[in-house]
Amino acid sequence: MGMKNLDLNLLPQLQVLLELRNVSRAAERLQLSQPATSAAMARLRRHFDDQLLVRNGRTYDLTPFAQSLVPLVDEAMLHIQRATRVRSGFDPATSEREFIIAASDYAAALIVGPLRGILREAAPGVSVDFVPTSKSGIQGQMADYSKIDLLVGPTGYHMQGASKQLFRDSFVAVADTGNPLLRQPRLTLEDLATVPHAVGYFGEGISTPADKLFESRGIQRRVAAVVAGFLSLPLLVEGTDLVALVPGMLAARAQRGAEIVVLGFSEGAEASLVEAMYWHPSQTEDPASVWLRSVVQRACSRLHELFPVTAHPVTIHAADTT
């Protein structure tokens with residue numbers, strides 16, 4: 001028995017039940033009552049003459065038949081969304097839609113300014129709100145996309161969904177203008193490890209490219225301060241003996257009003273960071289989502305000119321070759 005004669009109103013329920021494999025979580029996502037979702041589940045089981053979900057300890061697994069349904073249901077939903085969208089369209093100039101973007105404090109600090117500039121001109125009625133990735137518990141899992149329209153985050157951390165690169169940044173070291181380290185004519189990563197560090201924390205077991213720079217060479221830093229995210233690090237080093245590694249454009253932003261020096265890394269000691277945007281694959285062709293991604297991309301294309309880094313003449317080398 002296939003999808004013929006299936007009540008199309010059951011299709012969104014089927015898609016969510018197959019994804020979440022849990023009636024109560026599906027009810028929550030669909031904003032339906034539990035009895036209504038259970039009833040839908042019962043109807044689907046009758047229609048397909050298959051259990052679809054089978055208990056496995058405390059969780060549920062998809063039956064082989066249900067597994068075979070997943071791509072078909074996703075495809076069918078895509079066609080239905082396309083068909084309804086042809087009529088709906090999206091006009092940024094008149095829309096009053098609210099979008100939610102999840103991003104780290106670092107990405108938000110860079111993107112919000114240029115993005116608001118674009119919105120003021122192109123879409124005065126549209127609001128785009130930023131929520132933090134860490135605090136809201138958004139980790140780039142499929143279920144997160146029910147709460148957000150777009151996620152901006154680093155590549156290389158197994159975020160789920162469709163994605164596209166936005167911009168690249170490189171880590172620099174920041175220190176107070178009076179830091180004695182600056183009196184040295186030549187600096188290495190080992191020299192950097194002799195002074196106390198302030199570091200950004202992103203969650204249990206997550207290493208940033210800056211952490212990996214030291215870890216990969218077996219260099220131990222003395223960590224004197226830990227903060228959530230990168231944003232406050234330049235403020236922490238100002239007026240103290242601490243140094244911190246932060247993405248270059250964030251350092252450039254902080255440099256405008258702070259007494260800090262930015263030290264670049266020479267070839268062989270760089271750590272870079274690539275930020276991308278992630279979204280639910282079902283949104284790939286949605287006109288509103290296409291528009292949102294295009295304005296985020298436009299905002300990011302200006303970042304390097306908006307945040308030029310003024311680096312100290314002394315750079316940090318991988319190791320002394322003498």
Trp291 and Phe99 aromatic ring geometry - parallel, tilted or perpendicular at 30°/60° bounds: tilted

A quick test of your reading: do over 12 heavy atoms of other residues, nucleotides or ligands sit less than 6.0 Å from CZ of Arg116? no

Please lay out, stage by stage, how Val152 and Phe130 fare under the test side-chain contact (heavy atoms from CB on, under 4.5 Å). CA-CA 10 Å; Val152 176; Phe130 281 78; 5.6 Å; no

CA sep, side-chain torsions, deciding dist, call: Met249, Leu306, side-chain contact (heavy atoms from CB on, under 4.5 Å): CA-CA 9 Å; Met249 288 192 277; Leu306 285 173; over 6 Å; no

For Ile100, what residues pass the side chain to side chain contact (heavy atoms under 4.5 Å, CB included) criterion, not counting sequence neighbours? Val131, Ile148, Asp149

A side-chain contact here means heavy atoms from C-beta on lying under 4.5 Å apart; do Arg183 and Pro180 qualify? yes

Aromatic ring pairing Tyr106/Phe230, orientation class (parallel under 30°, perpendicular over 60°, tilted between): perpendicular

Shortest non-hydrogen pair, Asn179 vs Asp241, comes out as ND2-O, 3.5 Å

Take a 6.0 Å sphere around CD of Glu267 and say whether it holds more than 12 heavy atoms from other residues, nucleotides or ligands. no

Applying a strict under-4.5 Å side-chain criterion to I, L, V, M, F, W and Y, I'd like to know whether Val73 and Leu20 cluster together. no

Taken to the nearest 0.5 Å, the spacing of Leu303 CG from Leu166 CG works out to 9.0 Å

If every non-hydrogen atom of Ala318 is compared with every non-hydrogen atom of Thr188, which pair is closest and at what distance? O-CB, 4.5 Å

Which pair of non-hydrogen atoms, one from Val290 and one from Thr284, has the smallest distance, and what is that distance? CG2-O, 3.4 Å

Does Gly268 offer a backbone N or O that forms a donor-acceptor pair with the side chain of Glu270 under 3.5 Å? yes

Do Leu292 and Arg97 come within less than 4.5 Å of each other through their side chains, counting heavy atoms only? no

Student check: side-chain heavy atoms of Pro234 and Gln255 closer than 4.5 Å: no

Please examine the side chains of Pro247 and Phe171, heavy atoms only from C-beta on, and report whether any two atoms are closer than 4.5 Å. yes

Can you tell me if CD on Glu215 sees more than 12 non-hydrogen neighbours from other groups inside 6.0 Å? yes

Return the set of residues passing salt bridge (charged side-chain N to carboxylate O under 4.0 Å, His left out) with Arg21 (not counting sequence neighbours), or none when no residue passes. none

Chi angles and distances behind the side-chain contact (heavy atoms from CB on, under 4.5 Å) call for Phe90, Ser95: CA-CA 7 Å; Phe90 174 77; Ser95 173; 3.3 Å; yes

Around Arg253, counting heavy atoms of other residues, nucleotides and ligands shown, do more than 12 lie under 6.0 Å from its CZ? no

Output the distance between atom CZ (Arg302) and atom CD1 (Ile118), rounded to the nearest 0.5 Å. 7.0 Å

Report yes or no: does Glu238 contribute a side-chain atom to a donor-acceptor pair with the main-chain N or O of Glu259 at less than 3.5 Å? yes

Report the distance from atom CG of Leu119 to atom OG of Ser127, rounding to the nearest 0.5 Å. 9.0 Å

Under a single-linkage definition using a 4.5 Å side-chain heavy-atom cutoff for Ile, Leu, Val, Met, Phe, Trp and Tyr, are Val309 and Val237 assigned to the same hydrophobic cluster? yes

Checking Thr59 against Asn56: is there a side-chain donor and acceptor pair closer than 3.5 Å? no

Does atom NZ (Lys164) have a neighbourhood of more than 12 heavy atoms from anything else shown, all under 6.0 Å? no

Any link between Leu30 and Val23 through a network of hydrophobic side chains (Ile, Leu, Val, Met, Phe, Trp, Tyr) touching at under 4.5 Å? no

What I'd like to find out is whether the side chain of Leu192 reaches to under 4.5 Å of the side chain of Leu181, using heavy atoms alone. yes

Heavy atoms, side chains only, cut-off 4.5 Å: are Met277 and Gln297 in contact? yes

Mind telling me whether Phe214 and His197 have parallel, tilted or perpendicular rings, with 30° and 60° as the class edges? perpendicular

Should the heavy atoms of other residues, nucleotides or ligands under 6.0 Å from CZ of Arg43 be counted, would the total exceed 12? no

Ser33 to Ala27 - nearest heavy-atom pair and separation: O-CB, 4.0 Å

Would you say that more than 12 heavy atoms from the other residues, nucleotides or ligands in this model lie under 6.0 Å from the CZ of Arg256, or not? yes

Are Asp191 and Thr194 linked by a side-chain donor-acceptor pair shorter than 3.5 Å? no

Whether Asp74 side chain and Pro71 backbone form a donor-acceptor pair below 3.5 Å: no

Just checking Tyr157 against Tyr278, ring centres under 6.0 Å apart? no

Joint hydrophobic cluster, Leu235 plus Leu245, side-chain heavy atoms closer than 4.5 Å: no

Rounded to the nearest 0.5 Å, what separation is found between the CG atom of Asn22 and the CZ atom of Arg58? 12.0 Å

Verdict with supporting geometry, Val227 and Leu233, side-chain contact (heavy atoms from CB on, under 4.5 Å): CA-CA 8 Å; Val227 294; Leu233 290 171; 3.6 Å; yes

I'd like to know if the side chain of Asp169 reaches the main chain of Gly248, judged simply by a donor and an acceptor atom lying under 3.5 Å from each other, with no hydrogens or angles considered. yes

Report yes if the side chains of Tyr145 and Gln283 come closer than 4.5 Å at any heavy-atom pair, otherwise no. no

Interatomic spacing from CD in Glu275 to CG in Leu151 - rounded to 0.5 Å: 9.5 Å

Which heavy atom of Ala269 sits nearest a heavy atom of His317, and at what distance? CB-C, 4.1 Å

Assess the side chains of Arg298 and Ser294: does a donor N or O sit below 3.5 Å from an acceptor N or O? no

Looking at Met77, is its backbone amide N or carbonyl O close enough to the side chain of Gln15 to form a donor-acceptor pair, meaning the two atoms are under 3.5 Å apart? no

Taken to the nearest 0.5 Å, the spacing of Leu52 CG from Asp61 CG works out to 13.0 Å

Does the Arg45 side chain pair with the main chain of Leu53, one donor and one acceptor, at a distance under 3.5 Å? yes

Arg293 side chain to Val295 backbone, donor-acceptor under 3.5 Å: no

Non-hydrogen side-chain atoms of Leu182 and Leu263 separated by less than 4.5 Å: yes

Of all the heavy-atom pairs spanning Gly264 and Val172, show the shortest one and how long it is. CA-CG1, 4.4 Å

With a sphere of 6.0 Å drawn around CD of Gln220, does it hold more than 12 non-hydrogen atoms of other residues, nucleotides or ligands? no

Grouping I, L, V, M, F, W and Y whenever their side-chain heavy atoms are under 4.5 Å apart, do Leu273 and Ile206 come out in a common cluster? yes

